[in-house]
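Report on the following structure.
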Protein chains: 2
Amino acid sequence: MAHQAPRRNRLNRDRVLRAAVALADQRSDVPTMRTLAQELGVVPMALYKHVANKEDLVDGMIDLVFGEVAFPTGADWKTAMRQRAISMRQALLRHRWAVGLMEARMRPGPADLRHHNAVLACLREAGFSFQTAVHAYSALDSYIYGFALQEKTFPFTTPEESGEAVETMLAMQPPSVAQEYPYLVEVALELGKSGYDYAVEFQVGLDLLLDSIDQLRPQWRSAAS
Amino acid sequence: MAHQAPRRNRLNRDRVLRAAVALADQRSDVPTMRTLAQELGVVPMALYKHVANKEDLVDGMIDLVFGEVAFPTGADWKTAMRQRAISMRQALLRHRWAVGLMEARMRPGPADLRHHNAVLACLREAGFSFQTAVHAYSALDSYIYGFALQEKTFPFTTPEESGEAVETMLAMQPPSVAQEYPYLVEVALELGKSGYDYAVEFQVGLDLLLDSIDQLRPQWRSAAS
DNA sequence: ACCTGAACACCGTTCAAGT
DNA sequence: ACCTGAACACCGTTCAAGT
């Protein structure tokens, strides 16, 4: 009797999680248990042998994303943290569904914990006090996650694309908006011309923050690095 | 024949939106169409006379929140933007369900547009160029939304509360974590003692960013305000 | 040990019908 | 003009049963 379709590899937690991430990437949203099961050629309830429930599934997916983010390394804390921030943004671009879920885990996975430990290690060893390290980390992650949140909504890959999008959006408005929201229209017009480069914009804000954070380090240290 | 329960006020869009916000505040999540209808003593389908669909409902709810955020006003752009940021955080604290939805509107409402226009007005009139005004706005909103996102997950009202929460979380871990994540444990221990004050933390990061942003202003201007 | 089938209590939304 | 009832195509998850 037609034994069970082409005899798939046995399911296990890792295979379930990786399939879930792949599906989420492709539809930019966490898949439902039912579509995930279908993708794996299995009945929905089969998944519950490998994940406790949907939240446990998301926990596992997010830890896979954390595993892709580079630790801050190198002698100079600033460039180390800079590269780490850029690596985080890139991971969030590859996995847009993860934005808004990364920092919301009640049960952080091992990759999550390792990453946070590595970031704190970088800051503490660069001379930041416990308090200022917390300030620095909090400010940087707020910025990174918030930027990713805004980027998620307007997924333009090139400045040209974003410029056009702004221009057509502007063209759709009734003529009254020019009088009601003059500054908004000005920005829209300028952005329509120049385009909006997310990668550049991200680094501008990031560098503003990093420069300020540098001031939090004990000033009696030598200015080297 | 029992006419229709206690003859409620007629439904209209505003009543629907306000009831939705009140329900969302109370369960810290956007209500389902069905529970919202029940709250209004009406069958789910009755709502569709007043909102096009669920997204239209959320659009309306978010615009009510934008209506609560103070415009940046005053002679000094920095204190104006500072107060505006604090007002935004407070609105997001009152309406945690709105975090992650504010900047995701494909159809921004009038309060949303008015607010963005007012913020850009403040920056442009303070002497920022079009480009630097965009940098400043982007960086600040990234920070504000990202901070609110992190705050949403750990809803402690007082530093003491957060200190206790950190301590119990730490106590639940197996002893091995101390060796695997020494820097993480150090921060947890310190935070357990000192507590974590969200309001203070928010302003520290905010001021870091504002100080850096000040450097983006044309330097040939007088340094006054 | 792992997977299945049927069922439960939910969703948002349609359509045609009532008043 | 506004509200209703029944239905459709979805959800996550339970329980008892199969192999």
Side-chain angles (χ1 to χ4, degrees), chain A residues 1-62 97-98 100-101 104-107, chain B residues 1-62 97-98 100-101 104-107:
Chain A
M1 328 261 89
H3 30 20
Q4 178 70 14
R7 195 52 167 140
R8 295 229 174 212
N9 289 341
R10 263 296 188 54
L11 236 48
N12 59 45
R13 185 168 224 265
D14 195 58
R15 262 174 46 78
V16 170
L17 294 180
R18 290 186 189 283
V21 168
L23 253 183
D25 289 347
Q26 148 186 339
R27 57 179 65 198
S28 31
D29 212 355
V30 176
T32 69
M33 297 299 272
R34 292 168 118 105
T35 64
L36 175 57
Q38 193 175 25
E39 178 76 12
L40 289 164
V42 102
V43 94
M45 274 316 297
L47 300 176
Y48 286 82
K49 258 281 93 79
H50 305 99
V51 294
N53 47 37
K54 181 118 194 205
E55 207 195 329
D56 184 37
L57 173 75
V58 175
D59 282 346
M61 294 169 70
I62 290 297
W97 52 270
L101 299 176
R105 296 303 86 199
M106 295 303 326
R107 298 173 189 282
Chain B
M1 331 262 93
H3 32 20
Q4 181 66 17
R7 195 49 168 144
R8 296 228 172 210
N9 290 342
R10 263 296 187 58
L11 236 48
N12 58 44
R13 187 168 222 266
D14 195 58
R15 261 174 45 80
V16 169
L17 293 181
R18 290 187 187 283
V21 169
L23 252 184
D25 289 348
Q26 147 186 339
R27 56 180 65 198
S28 31
D29 212 352
V30 176
T32 68
M33 298 298 273
R34 294 169 118 104
T35 65
L36 175 56
Q38 193 176 24
E39 178 75 12
L40 290 163
V42 102
V43 93
M45 274 316 297
L47 301 176
Y48 285 81
K49 259 279 95 78
H50 305 101
V51 294
N53 47 35
K54 181 120 195 203
E55 209 195 328
D56 184 37
L57 174 74
V58 175
D59 282 344
M61 293 170 71
I62 290 297
W97 53 270
L101 300 176
R105 295 303 87 199
M106 295 301 327
R107 299 174 188 279

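What you see below is based on every heavy atom in this structure, not just the backbone, and it leaves out hydrogens, waters and symmetry mates. Order of the sequence lines fixes the chain letters, A, B, ..., with proteins taken first and strands second; residue numbering starts at 1 for each chain.
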TODO: List in chain and number order the residues that pass side-chain contact (heavy atoms from CB on, under 4.5 Å) with Ser28(B), two or more places apart in sequence or in another chain; answer none if no residue qualifies.
DONE: none
Open item on the list: So Val21(A) and Leu17(A), do their side chains get closer than 4.5 Å, heavy atoms only?
Closed with: no
Task: Criterion side chain to side chain contact (heavy atoms under 4.5 Å, CB included) on Asp56(A) and Arg107(A), from CA distance to verdict - done: CA-CA 9 Å; Asp56(A) 184 37; Arg107(A) 298 173 189 282; over 6 Å; no
Open item on the list: Ignoring hydrogens, what is the shortest heavy-atom contact between Arg105(B) and Glu55(B)? Give both atom names and the distance.
Closed with: NH1-O, 4.2 Å
Task: Arg15(A) CZ to dC2(C) C1', straight-line distance once rounded to whole Å - done: 14 Å
Open item on the list: Dot-bracket for DNA chain C, please. Rules: Watson-Crick or G-U, both distances under 3.5 Å, ( ) within the strand, [ ] when a pair crosses earlier ones, | for another strand, . otherwise.
Closed with: ||.|||||...|||||.||
TODO: Mind listing the residues from residues 23-36 of chain A sitting with a heavy atom below 4.0 Å of DNA chain D? Number order is fine.
DONE: Thr32(A), Met33(A), Arg34(A), Thr35(A)
- [ ] With sequence neighbours excluded, give me every salt bridge (charged side-chain N to carboxylate O under 4.0 Å, His left out) pair touching residues 17-34 of chain B.
- [x] Asp14(B)-Arg18(B)
- [ ] Check step by step if side chain to side chain contact (heavy atoms under 4.5 Å, CB included) holds for Leu47(A) and Leu57(A).
- [x] CA-CA 9 Å; Leu47(A) 300 176; Leu57(A) 173 75; over 6 Å; no
- [ ] Among Val58(A), Leu23(A), Leu36(A), find the one that has a side-chain contact (heavy atoms from CB on, under 4.5 Å) with Val30(A).
- [x] Val58(A)
Task: Length of the CZ-C1' vector between Arg10(A) and dA1(C), whole Å - done: 7 Å
Task: Contacting residues from residues 45-57 of chain B, given that a heavy atom lies under 4.0 angstrom of DNA chain C - done: Met45(B), Tyr48(B), Asn53(B), Lys54(B)
Task: Beyond-backbone contact of Pro31(A) with Met61(A), side-chain heavy atoms, under 4.5 angstrom - done: yes
TODO: Only pairs at least two apart or in different chains count here, so list each side chain to side chain donor-acceptor pair (under 3.5 Å) that has a residue in residues 41-54 of chain B.
DONE: none
Task: Separation of atom CD in Gln38(B) from atom C1' in dC10(C), rounded to whole Å - done: 13 Å
Task: Contact summary for Arg15(B) and Leu11(B), nearest pair of heavy atoms - done: NH2-CD1, 3.6 Å
